[in-house]
Each structure stands twice: as C-alpha cells, then as structure tokens.
Colleague: 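Take a look at the following structure, please.
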Amino acid sequence: MAYLQNKRKLLLLAFAIATLSGCANIEPWVKPYERDKLADPIMGFGRHPAALQHVTHVRDSREAAKGASGAGGGGCGCN
Amino acid sequence: MAVTRLLKAALGALLLCTFSCIASVLPSDRADVMYHSYSGGGVSIDGPAVMLRSKVAQDFSVAGYYYIDTVSGASIDVVATASAYSEERTEKHLGVDYLAGNSLISTNFSTSDENDYHAKTITFGISHDTFGGLTTLNLQTGLGDDEVGKNGDINFKEQVRRYNYKLGLTQILTTNWIAALNIQFDLDEGFLNNPYRQVRFKDPTAALGYSYQAEIYPRTRNSSAVSLVNKYYLPYRAAIGLSVRHYQDSWDISANDVELEYVHPLGKDWTFEGKVRYYQQTEASFYKDLFEYANELNFMARDKELSDFSNVTAGLGVSYKLPSYGIFSRQLQPEMTVQWDHIIFNYNNFRNVTDRTSAAGAEPLYQLDANVVRAFVSLYF
C-alpha cells in the first residue's frame, strides 16, 4: 500500500516536472516577421491621442466611473 | 531624395520589426491641432487643443498638450438653482519619455485652471516589453493636488488630494489579435463635492413643495476599475475593437461599459471608423432625487453623475491623408480627421424639476442628448 502511495507521489512529481519544464520551453508564438498586421496603424489602441484625451474628459465629467481605460503598448507590440 | 527617405523609412521599419519587437520604442512624432465641441443638456463647451510630440534625442521624447474649454449655457442644475454662466478652463500637459532597453520610463505633469478650480497632477510610469515583445507590462502612479474655490466667496478654499495606481498587461495573442488587461485604483480625499450644487428636500411650506440645501459628500472616495481591451485584425484590411470595463467605489457606485469599434481604411488615403458604446451605473448610497426633510442624512447628493443612469453612444469618424511633403530635411505627412459622437443619457432617478406642472417627486425623469465633435489636423513627421 505504502509502495503504491509512493509510486503515485513519484508519478505526480514527474508530471509536475514535465509540466513545469514544458512551461520553461514556451517560446513567443508570434514571430517578429508575423506582426505586420499588428503593426498596421488601424490596430493601434487610441490612434489619435489628442482626440482620446477629449473622449476621456467628456466621459469622466459625466460618468462616475473612471480609470483603467486604454492600453500600454500595442500595434506590433513594440512598446 | 524622397525615394531615399522612403527607403530609409522602409529599412528602419524593417529593422524595427526584425529586432522586434524585442525592444520598446518611443512614441511616434506627431503634431495635432484640434477643435472640439460638446453640446447637450443646455450646455455648450468648445475650444481648441494643440498637441506636439517629438523625439529630442535617440532615447528621449517630449510631449506637450494645450487645451481650452469654453463653457456657456445652463445645465438643468443651473436652471433650477442658479443663473446661466460662462467660464473658461485651460489644461496643459508636459511629458517626457525615456527609452532604456526594453523599458519606457514616462513622466507627465499637467495643470488644469479655471477661475474657481485649480488642479495639478504628476504621473510616473514604466512600461516593459518582455517575452520576445509579445508582452508589455505597465505600471503607473499619479498624484493630484486640487484647490477648490467658490465664485462670490473669497473665503471659501478647500483642497483635494488624488492618488492613483495603474497596472496593465498588454499581450499579443495571435498574428491578428492583441489584448490588454488594465487595473486601476484611485484614492481621493478632501472636498469632493461641487460647492454650487444643491439637494432638494420636501418642504410643505414652499410653493413648489420642496426647498434646497447644499450637498454634503464624504471626504474620501476609493475606487477600482478593471478593463479588458481587444483589437482584432479582420481577414481583409480592417480592425474591430471590443472593450469592457467594470468600476466599483466606496460610495456604492457600480458601473459597467462595453464598446465596439470598427476601423476600415479605403484606398491608401481614407480611413473610416464607427463605434457604439453602452454605459450604465448604479447610484451612490447617499444620492436621492428628493430627500424627505432637510439634513435627512449625514451625506446628501443630488448630482446626476452620482445617480442611477445609462447612456448609449454612437460615433462616426473619417480621416483623409493629404499629400506628404518635405521641409527642413523632414518628411511631413498631414492627415485631416473629423469625429462625431451622439450620446443619449437616460436617468432613472433624476427628475426634470423644470417641469413645474407635476407634483414634487412626480416630475418626468430627465433625459438628454449630446453631440460631440472633434475636427483635427495631424502632422506625422
């Protein structure tokens, strides 16, 4: 019985190691040369910053909710 | 010359994408001159805005933003308890971005001034690219210091301190899909109400059946917001965006909004965009349209922005690229854009007190339509 429990623990350990080592091998799955569509200006978050400031101001003045809008980086993920 | 520049630009873009998007980049250089206008609920707000963003060294970029609001007319609050007015607000921003390897360090200082309100805000942020440029982590913190005055009362002087913390994760998910998860916490303390706004309470001795007293707000407000923003490149050259956000605060206001955006270029010069947005919120725990009697609660508000309401926005925009030209060894690309938003606000517990034919508390619910226009010329260089 104890042997079976130990075997189960070993199997669990092996599974955990395999899973974790798998994680370590995860590589960026979208290569730089595959990001042409993401780099298109139409994919930018907030393409016109001055207009976006105005949109945010209009909303913040008339709604209770604020914050967490927009995104950092974007487009080709270059920043 | 133009061809050489074009080749250099193409080579630069190629190098950028080759090194990838393993390194951060500074924001692109551009200048914008904009006219903006908001018109709705008896109020008109319009004015100019100018933005300039330019690299000043290989690793440094500076940005300036100047914005003026001229307010005229009378909102329903003003019609009910005061007289029409006109005022001007000026907003200025100065920002610096510094590129250090895969990190972009940003700081921004802004001021907003009107005759009875002065606000100063400073923010500091860092964004870092990792995982082969697929993931961008952002951290930002901000501190605001506001001075609140009251026209006609030179002795009235109050302060507000604002703190905010933002955390963002932007992730490239596929060759067509990028998404961002943002979380923000805000802590505000000080004089948080509007010194002019009033609440109404039942008063059988008054001709209308109610009288007014000044609003009283808590002196602290903590809020949190979380949003998920998506952008997806369609099988043809067009993009859709879907954003959802949830907001919650210590005044018991809970809000949600969802926005769908579509961007469609036509040829190489035209870009059309359309959007729809739905927003709804619950009311603050101390909000009432009509209080039972004077000083009914420790805190009392009748600000429609704290009431239970929803709004729907439909927006359209069009951009047109003008022919590019060279000046002072720079290639300039001008673009003209016009954006129009129509917003319909429906208040579920804020009544139209200008209807004097109804009994107190039985007036029709307030509703307003607003038109928002932005017309601007952008210069990319």
Side-chain angles (χ1 to χ4, degrees), chain A residues 10-79, chain B residues 16-18 20-21 23-25 27 32 34 36 38 49 51 65 67 104 127 129 131-134 136 138 164 166 168 170 172 174-176 178 180 182-184 186 223 225-227 229 231 233 237-239 245 247 249 253 255 257 263 265 271 279 281 305-306 337 339 345 372 374 376 378:
Chain A
L10 274 171
L11 277 171
L12 274 172
L13 185 66
F15 178 74
I17 289 168
T19 310
L20 288 173
S21 63
C23 286
N25 287 332
I26 291 180
E27 288 185 4
W29 55 85
V30 181
K31 303 293 178 203
Y33 53 83
E34 295 175 316
R35 296 178 199 170
D36 54 327
K37 288 174 184 163
L38 298 166
D40 192 314
I42 64 169
M43 286 292 284
F45 292 118
R47 292 180 302 124
H48 301 295
L52 192 65
Q53 287 266 6
H54 185 250
V55 170
T56 306
H57 175 62
V58 167
R59 288 177 186 172
D60 287 358
S61 312
R62 285 158 192 87
E63 298 171 353
K66 61 178 176 179
S69 51
C76 66
C78 303
N79 83 36
Chain B
L16 184 69
C17 262
T18 307
S20 172
C21 301
S24 294
V25 291
D32 292 87
M34 179 170 79
H36 59 86
Y38 171 93
M51 197 199 84
Y65 178 67
Y67 173 97
L104 192 66
S127 108
D129 273 6
F131 196 46
L134 256 59
T136 307
N138 303 283
N164 68 65
K166 292 182 197 174
T170 305
I172 290 176
T174 69
T175 54
N176 292 27
I178 185 165
N182 304 298
I183 300 170
Q184 181 169 334
D186 279 79
S223 65
V226 58
S227 72
V229 186
K231 203 90 191 245
Y233 195 98
R237 189 171 175 237
R245 180 177 67 163
Y247 168 91
D249 71 24
I253 296 174
D257 64 75
V263 187
T271 305
Y279 171 89
Q281 70 172 58
E305 280 80 47
L306 300 186
T337 303
Q339 296 175 336
F345 292 84
V372 186
R374 288 170 292 275
F376 52 97
S378 310

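What you see is a predicted model, and the numbers here were worked out from it, not measured in a lab. In what follows, chains carry the letters A, B, and so on, assigned in the order in which the sequence lines appear, proteins first and then strands, with residues in each chain numbered from 1.
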Colleague: Judged by atom type as modelled, is there a donor-acceptor pair below 3.5 Å linking the side chain of Gln281(B) to the main-chain atoms of Ala64(A)?
Modeller: yes
Colleague: Could I get the full list of side-chain hydrogen bond (donor to acceptor under 3.5 Å, both in side chains) partners for Glu305(B), not counting sequence neighbours?
Modeller: none
Colleague: Can you find a heavy atom in the side chain of Thr174(B) that is under 4.5 Å from one in the side chain of Trp29(A)?
Modeller: no
Colleague: Could you go step by step and tell me if His54(A) and Val372(B) meet the side chain to side chain contact (heavy atoms under 4.5 Å, CB included) rule?
Modeller: CA-CA 10 Å; His54(A) 185 250; Val372(B) 186; 3.4 Å; yes
Colleague: State, yes or no, whether a side-chain contact exists between Lys66(A) and Asn164(B) at a heavy-atom distance under 4.5 Å.
Modeller: no
Colleague: Can you tell which of Tyr279(B), Tyr65(B), Phe345(B) has the highest number of heavy-atom pairs within less than 4.5 Å of chain A?
Modeller: Tyr279(B)
Colleague: Is Asp186(B) close to chain A through its backbone or its side chain, or both, or neither, when contacts mean heavy atoms under 4.5 Å?
Modeller: side chain
Colleague: At a heavy-atom separation under 4.5 Å, does Arg59(A) approach chain B through its side chain, its backbone, both, or neither?
Modeller: side chain
Colleague: Between CD of Gln53(A) and CE of Met34(B), what distance do you get to the nearest 0.5 Å?
Modeller: 8.5 Å
Colleague: Quick one: CZ on Arg374(B) to NE2 on His48(A), what's the gap to the nearest 0.5 Å?
Modeller: 10.5 Å
Colleague: Could you tell me which residues satisfy side-chain hydrogen bond (donor to acceptor under 3.5 Å, both in side chains) with Thr337(B), sequence neighbours excluded, listed by chain and number?
Modeller: Ser319(B)
Colleague: Assess, by modelled atom type and distance only, whether the side chains of Arg62(A) and Tyr38(B) contain a donor and an acceptor separated by less than 3.5 Å.
Modeller: yes
Colleague: Thr175(B) versus Arg35(A): any side-chain heavy-atom pair under 4.5 Å?
Modeller: no
Colleague: What part of Val226(B) is in contact with chain A, defined as an atom under 4.5 angstrom from a non-hydrogen atom: side chain, backbone, both or neither?
Modeller: backbone
Colleague: Anything under 30° is parallel, anything over 60° is perpendicular, the rest tilted; go ahead and classify His57(A) against Tyr67(B).
Modeller: perpendicular
Colleague: Name the region of Ala225(B), side chain, backbone, both or neither, that has any atom closer than 4.5 Å to a heavy atom of chain A.
Modeller: both
Colleague: Say you draw a straight line from CG of Leu134(B) to CD of Glu27(A); how long is it, rounded to the nearest 0.5 Å?
Modeller: 11.5 Å
Colleague: Is there side-chain contact between Ile42(A) and Pro265(B), with heavy atoms separated by less than 4.5 Å?
Modeller: yes
Colleague: Got a second to check how far Tyr233(B)'s OH is from Asp40(A)'s CG, nearest 0.5 Å?
Modeller: 4.5 Å
Colleague: Going through the checks in order, is the side chain to side chain contact (heavy atoms under 4.5 Å, CB included) test met by Arg47(A) and Thr271(B)?
Modeller: CA-CA 12 Å; Arg47(A) 292 180 302 124; Thr271(B) 305; 4.1 Å; yes
Colleague: Among Met51(B), Arg245(B), Lys166(B), which residue has the highest count of heavy-atom pairs closer than 4.5 Å to chain A?
Modeller: Arg245(B)
